[in-house]
Amino acid sequence: MMKAPPTDGAARDAVDAVIRSRAAVRAFQPTPVPKALVVEMLEVARCAPSNSNTQPWFVHVLEGDAKRRFSEALLRSHERDELPASQHFPPELPAACKTRQADFGARYYAALGIDRADAAARYRQTAQNYLFFDAPVGLIFTIDARLMPHSWADFGMFLQTFMLAARARGLDTCPQVSFVRHEPVIRECLPLPEGQTVVCGMSLGWAQEGSALRQLAMPREPVEAFTVFHGFDGGATEA
């Protein structure tokens, strides 16, 4: 029987601290991550909820020479720049999302000392994704392409659970949608099951504490900006 977690304030504070300390890290130490530790985190992540227990996730974990060959293949594809750009967002983002996206770009490239107008430098920086930002472990996540958006929501919960399991063990991660563009190359490198499509990649390892990007604290909207409460005081109110 699964042991119930403690319900005291210490447990609450520990969980809250793990969630609040998770951030997308883009500079890693070379220290290896043992396979047993990756398995341990996946054991936790598999407990994530999914619609009717469908568990739509599939994971490829790369390390050592396998990761190096994979990265080399993607870097060659990136340098050729022949594949169509993947559409992460609709042609016109909602205004609030567009503002936050622009703010992220300004903060990110400023931390790297890259002028937003320098397209060549930005493209070179994008290449770091395919090296998994020098993390010792890279992951590629795939899903059956026939599944609906609800299953993609399930996958998001799986990804978040994995990242929190990593953070609870002192590790850091960076989820990376940039891999989607290079799915044809990924198919050449990995034995993807029939009908699977790439959801994202992820870097995993211990962060370089001195990195400029480590200090990139992204702002979050206050609760009242995205929440409406119904019925708590007899009517619909913002937080």
Side-chain angles (χ1 to χ4, degrees), residues 24 26 28 32-91 123 126-166 171-205:
R26 296 176 176 86
F28 289 86
V33 177
K35 178 183 177 181
L37 188 54
V38 179
V39 171
E40 186 178 301
M41 292 181 289
L42 290 168
E43 287 277 3
V44 175
R46 73 191 181 100
C47 297
S50 62
N51 189 3
S52 301
N53 197 35
T54 45
Q55 304 176 57
W57 38 78
F58 200 91
V59 188
H60 290 264
V61 186
L62 299 108
E63 189 261 357
D65 286 341
K67 174 175 161 288
R68 177 184 55 77
R69 292 191 297 270
F70 181 81
S71 290
E72 288 173 351
L74 266 69
L75 284 173
R76 288 193 295 268
S77 178
H78 179 71
E79 290 167 2
R80 290 193 300 268
D81 194 20
E82 295 172 348
L83 294 171
S86 55
Q87 296 298 314
H88 305 161
F89 299 114
Y123 199 73
T126 298
Q128 297 305 307
N129 281 277
Y130 309 121
L131 294 169
F132 295 98
F133 299 109
D134 295 323
V137 174
L139 302 100
I140 297 294
F141 299 92
T142 66
I143 190 172
D144 192 304
R146 296 170 295 182
L147 291 172
M148 306 295 285
H150 316 290
S151 294
W152 285 72
D154 295 340
F155 212 126
M157 289 183 273
F158 172 81
L159 292 168
Q160 174 77 339
T161 304
F162 179 82
M163 290 188 285
L164 295 180
L171 289 153
D172 287 286
T173 55
C174 182
Q176 297 154 254
V177 74
S178 56
F179 286 94
V180 172
R181 181 188 184 193
H182 300 278
E183 181 168 317
V185 180
I186 292 173
R187 289 188 177 282
E188 294 174 0
C189 297
L190 302 177
L192 298 190
E194 184 69 26
Q196 294 274 312
T197 190
V198 175
V199 175
C200 68
M202 186 180 292
S203 301
L204 171 69

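In what follows, residues are counted from 1 in the order of the sequence shown.
Here the closest heavy-atom approach between residue Val198 and residue Thr142 is recorded as CA-CG2, 4.1 Å. Contact record, Ala127 with Leu75: O-CD2, 3.5 Å, taken as the closest heavy-atom pair. For the residue pair Phe70 and Ile186, the shortest heavy atom distance occurs at CZ-CG1, 3.8 Å. Here the closest non-hydrogen pair linking Ile143 and Pro56 is CG1-O, 3.5 Å. The heavy-atom pair separating Gln55 from Ser50 by the smallest distance is N-OG, 3.0 Å. The two residues Val199 and Val177 make their nearest non-hydrogen contact at O-CG2, 4.3 Å.
Looking at Leu37 and Glu40, their side chains come closer than 4.5 Å, going by heavy atoms from C-beta outward. Under the 4.5 Å side-chain criterion, counting only non-hydrogen atoms from C-beta, Val38 is not in contact with Glu63. Between Phe179 and Tyr130 there is a side-chain heavy-atom pair separated by less than 4.5 Å. Side-chain contact check for Leu159 versus Pro175: every heavy-atom pair is 4.5 Å or farther apart. No side-chain heavy atom of Thr161 sits under 4.5 Å from any side-chain heavy atom of Cys47.
Atom CZ of Arg80 has more than 12 heavy atoms from other residues, nucleotides or ligands within 6.0 Å.
Remark: Gln196 CD to Arg187 CZ distance equals 8.0 Å, nearest 0.5 Å. To the nearest 0.5 Å, the span separating SG on Cys189 from NZ on Lys67 amounts to 13.5 Å. To the nearest 0.5 Å, the span separating CG on Asp144 from CD on Glu194 amounts to 9.5 Å. The structure places OG of Ser178 at 7.0 Å from NE2 of His88, a figure rounded to the nearest 0.5 Å. To the nearest 0.5 Å, atom OG1 of residue Thr126 and atom NE2 of residue His78 are 5.5 Å apart. To the nearest 0.5 angstrom, Leu139 atom CG is 7.5 Å from Phe132 atom CZ.
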Problem set entry | Verdict with reasoning, Asp154 to Phe158, per side-chain contact (heavy atoms from CB on, under 4.5 Å) | CA-CA 6 Å; Asp154 295 340; Phe158 172 81; over 6 Å; no
For this session: Take Met148 and Asn51 through the test side-chain contact (heavy atoms from CB on, under 4.5 Å) and record every step on the way to the result.
Result: CA-CA 11 Å; Met148 306 295 285; Asn51 189 3; over 6 Å; no
For this session: In sequence, state the C-alpha distance, the side-chain angles, and the governing distance for Gln128 and Leu131, and then conclude on side-chain contact (heavy atoms from CB on, under 4.5 Å).
Result: CA-CA 5 Å; Gln128 297 305 307; Leu131 294 169; 3.8 Å; yes
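Ring-plane geometry between Phe162 and Phe141 is classed as perpendicular, the angle between the planes exceeding 60 degrees on a 0 to 90 degree scale with a lower cut at 30. Relative ring orientation between His60 and Phe58 is described as tilted, the plane-to-plane angle lying within the 30° to 60° band.
With Asn129 as the fixed residue, the side-chain hydrogen bond (donor to acceptor under 3.5 Å, both in side chains) test singles out one of Arg181, Gln176, His182: Gln176.
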